[in-house]
Amino acid sequence: MKRPFPAKRADYYPPSRPWQALSTPRGRGVLLALLLGGLVAVAGAARAEVPALAAEGVDHYTLALTWHPGFCATRARPPRECREPSLRRGAGDGFVLHGLWPSLPARFRARGVARRRWWQQGCFLERPRPDGGFCRAHSPLALPEALGSALDRSMPGRASCLDRYQYAKHAACLDLEAEDLFATALAMLAVVNASAFADFVSVHRGGEVRRNDLVGAFEAAFGEGTGRALRLECGGRGQRRLTEVRIGIAAEAVARFPDAGSLVRLDRGDCARRVGIAAFD
């Protein structure tokens, strides 16, 4: 029998009592947004205000959110953020941040750069990737203290300098400040983690769901037809373990995320028909 899932976040909390959305583990992602600039009420549920971005000549962004237990379970050699329990605490909030990726910029397209090449190399097309790894080659990003603390929790890969890599590859050549990129990405993460979609995934930790039910939960949370903006990434044997979700967002509509009109189509992804939702022990 198909397992039901809530249609909207408001189904969990009555409109007259929106503060309850902040009192649960799922609400921690929303509390993160308080560090980044405030909340607004939408349909009786708490929602982060998402700052706009201004990368010139970009059509859309891809918000990449990792399901940390699944990522760690599918690594042949798990990185530090998988081995040390203190670095897993953000996984208790739901998804964690991988990155926010601008699409192929117009000036690169004009030079004949293909979309696939941009995704593979990004800004390294102009400034080659340094030898020796980013922890050695790049100094820590200069971020406000509150933003840095929020990023420590919500991007476990920062322990392996993932933040430096993400900024250098996806934004440094586009006149995007690191502070702006990560503030926007964390606000989007807070919105997703406060949604019925994240609740659906979290409820099934340690179990298995149909791929189509994940898409259905996303549409129930964000609107009919929005599932086309969702790409599911899986790993492990037979691509049966959820490792990441990616969401397409129109560049001119970043500040309206997650309104249905702000989302754009992405490719389907590589997950099998049934998907395991890993959990940490």
Could you tell me which residues satisfy ring-ring contact (aromatic ring centres under 6.0 Å, His included) with W101, sequence neighbours excluded, listed by chain and number?
-> H98, H170
Residues forming a side-chain contact (heavy atoms from CB on, under 4.5 Å) with N212, sequence neighbours excluded = none
Given side chains that start at C-beta, do those of L174 and P102 come closer than 4.5 Å, heavy atoms only?
-> yes
How would you list, by chain and number, every residue that makes a side-chain contact (heavy atoms from CB on, under 4.5 Å) with A178, sequence neighbours excluded?
-> L141, L143, Y167, F182
Sequence-distant partners of R158, side-chain hydrogen bond (donor to acceptor under 3.5 Å, both in side chains), two or more places apart = D152, D163
Side-chain atoms of residues 266-281: list all donor-acceptor pairs with protein atoms under 3.5 Å, sequence neighbours left out, distances to 0.1 Å.
{"from": "D270", "atom 1": "OD1", "to": "C234", "atom 2": "N", "distance (Å)": "3.0"}
{"from": "D270", "atom 1": "OD2", "to": "Q239", "atom 2": "NE2", "distance (Å)": "2.9"}
{"from": "R274", "atom 1": "NE", "to": "E208", "atom 2": "OE1", "distance (Å)": "2.8"}

Would you indicate whether the side-chain heavy atoms of V215 and R228 approach each other to under 4.5 Å?
-> no
Tell me, please, which residues at least two apart from T226 pass side-chain contact (heavy atoms from CB on, under 4.5 Å).
-> F218, E219, F222, A260, L263
May I ask you to test the P79-F71 pair for a side-chain heavy-atom distance under 4.5 Å?
-> yes
The side-chain hydrogen bond (donor to acceptor under 3.5 Å, both in side chains) partners of R88 (sequence neighbours excluded) come to none
Using the side-chain hydrogen bond (donor to acceptor under 3.5 Å, both in side chains) rule, collect all pairs that involve residues 61-70, keeping only residues at least two apart or in two chains.
-> T66-E244
Applying the side-chain contact (heavy atoms from CB on, under 4.5 Å) test to M155, which of L162, V96, L186, L189 qualifies?
-> L162
Pairs touching residues 227-255 that satisfy ring-ring contact (aromatic ring centres under 6.0 Å, His included), sequence neighbours left out = none
Donor-acceptor contacts under 3.5 Å from residues 120-131 side chains, at least two apart:
{"from": "E126", "atom 1": "OE2", "to": "R107", "atom 2": "NH1", "distance (Å)": "2.6"}
{"from": "E126", "atom 1": "OE2", "to": "R111", "atom 2": "NH1", "distance (Å)": "3.0"}

Taken in chain and number order and not counting sequence neighbours, the residues that satisfy side-chain hydrogen bond (donor to acceptor under 3.5 Å, both in side chains) with S160 are E81
Set of side-chain contact (heavy atoms from CB on, under 4.5 Å) partners for P78, sequence neighbours left out | R75, C82, R83
Look at the side chain of S195 and the backbone N and O of V192, then say whether any donor-acceptor pair between them is shorter than 3.5 Å.
-> yes
